[in-house]
S.K.: 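Dropping a structure here in C-alpha cells format, bear with me for questions.
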Amino acid sequence: MKLTSPDTLKALMDQKNFSYERMARYAGCSKSFISHLTSGRKASCSPLLAENIAEALEVPLSILFVESPSAVRVQSVSETRRMSA
C-alpha cells in the first residue's frame, strides 16, 4: 500500500498522541519504519501494516493509503497447489 502523505500520517499521530514506539507496537513493525514513513523515506508498506496503522488512528484506510501494484500479494505456486488440492 502506498502512503498518500507522510504529513497526514504525522499529523494524525500527533493528534492522537501516538509516539513512533506506540504506533510501531500497535502496527507490528519497528519504530524506525514508522519514522521512515512519516519522514517520506519510505512510501509504502504491506496491506496488513497499512490496516493496522489506520485502525490505530481510527481513520478509514483510504485517508492514509492507496493500493499500489507492488503491494498486491501474488500467490506462490505452492500456495496455489495447496488451495486446489
Side-chain angles (χ1 to χ4, degrees):
M1 303 288 288
K2 184 171 177 5
L3 182 64
T4 57
S5 167
D7 293 334
T8 301
L9 175 58
K10 179 71 174 134
L12 286 168
M13 285 177 60
D14 289 344
Q15 183 180 12
K16 303 274 185 169
N17 295 315
F18 269 87
S19 65
Y20 293 148
E21 183 175 359
R22 183 175 172 213
M23 179 56 74
R25 271 185 303 191
Y26 199 103
C29 65
S30 68
K31 289 187 303 186
S32 64
F33 190 83
I34 297 298
S35 173
H36 290 306
L37 284 175
T38 60
S39 70
R41 287 177 289 199
K42 293 273 187 194
S44 62
C45 64
S46 71
L48 178 59
L49 186 57
E51 288 172 21
N52 289 347
I53 291 170
E55 182 180 299
L57 296 171
E58 299 175 328
V59 297
L61 184 64
S62 61
I63 296 289
L64 292 171
F65 296 94
V66 293
E67 197 165 318
S68 62
S70 62
V72 175
R73 187 174 182 275
V74 178
Q75 287 184 340
S76 69
V77 173
S78 60
E79 286 178 313
T80 304
R81 287 181 187 151
R82 275 184 279 167
M83 290 176 71
S84 63

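Just so you know, these numbers come straight off a predicted model, no measurement behind them. Residue numbers count from 1 along this sequence.
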S.K.: May I ask you to test the F33-L49 pair for a side-chain heavy-atom distance under 4.5 Å?
M.R.: yes
S.K.: Using modelled atom types and a 3.5 Å cut-off, is there a donor and acceptor pairing between side-chain atoms of R25 and backbone atoms of S30?
M.R.: no
S.K.: Counting C-beta onward and ignoring hydrogens, is there a side-chain heavy-atom pair between P47 and F65 closer than 4.5 Å?
M.R.: no
S.K.: Within the structure provided, determine whether L57 and F18 are in side-chain contact (heavy-atom separation under 4.5 Å).
M.R.: yes
S.K.: Taking all non-hydrogen atoms of both residues, which atom of R41 and which atom of S35 are closest, and how far apart?
M.R.: NH2-OG, 3.2 Å
S.K.: Measure the spacing between CE of M1 and CG of L48 and express it to the nearest 0.5 Å.
M.R.: 11.0 Å
S.K.: Can you find a heavy atom in the side chain of L61 that is under 4.5 Å from one in the side chain of E51?
M.R.: yes
S.K.: Quick check on K10: does its NZ atom have over 12 non-hydrogen neighbours (other residues, nucleotides or ligands) under 6.0 Å away?
M.R.: yes
S.K.: Distance check, rounded to the nearest 0.5 Å: S5 atom OG versus D7 atom CG?
M.R.: 4.5 Å
S.K.: Considering all heavy atoms of both residues, which atom of P6 and which atom of G40 are nearest to each other, and what is their separation?
M.R.: CG-CA, 3.8 Å
S.K.: Does I53 form a side chain to side chain contact (heavy atoms under 4.5 Å, CB included) with L3? I'd like the steps, not just the answer.
M.R.: CA-CA 11 Å; I53 291 170; L3 182 64; over 6 Å; no
S.K.: Measure the OH-SG distance between Y20 and C29 for me, rounded to the nearest 0.5 Å.
M.R.: 12.0 Å
S.K.: Might you work through the side chain to side chain contact (heavy atoms under 4.5 Å, CB included) test for E21 and I34, ending with a clear yes or no?
M.R.: CA-CA 8 Å; E21 183 175 359; I34 297 298; over 6 Å; no
S.K.: Taking T38 for the side chain and L9 for the main chain, is one N or O donor matched with an acceptor at less than 3.5 Å?
M.R.: no
S.K.: Could you please spell out the steps behind the side chain to side chain contact (heavy atoms under 4.5 Å, CB included) verdict for T4 and I63?
M.R.: CA-CA 8 Å; T4 57; I63 296 289; over 6 Å; no
S.K.: Listed by chain and number, what are the side-chain hydrogen bond (donor to acceptor under 3.5 Å, both in side chains) partners of Q15, not counting sequence neighbours?
M.R.: none
S.K.: Apply salt bridge (Lys or Arg N to Asp or Glu O under 4.0 Å) to residues E67 and K2 and explain how you reach the verdict.
M.R.: CA-CA 6 Å; E67 197 165 318; K2 184 171 177 5; over 6 Å; no
S.K.: What's the shortest heavy-atom distance between R22 and K16, and which atoms?
M.R.: NH1-O, 3.4 Å
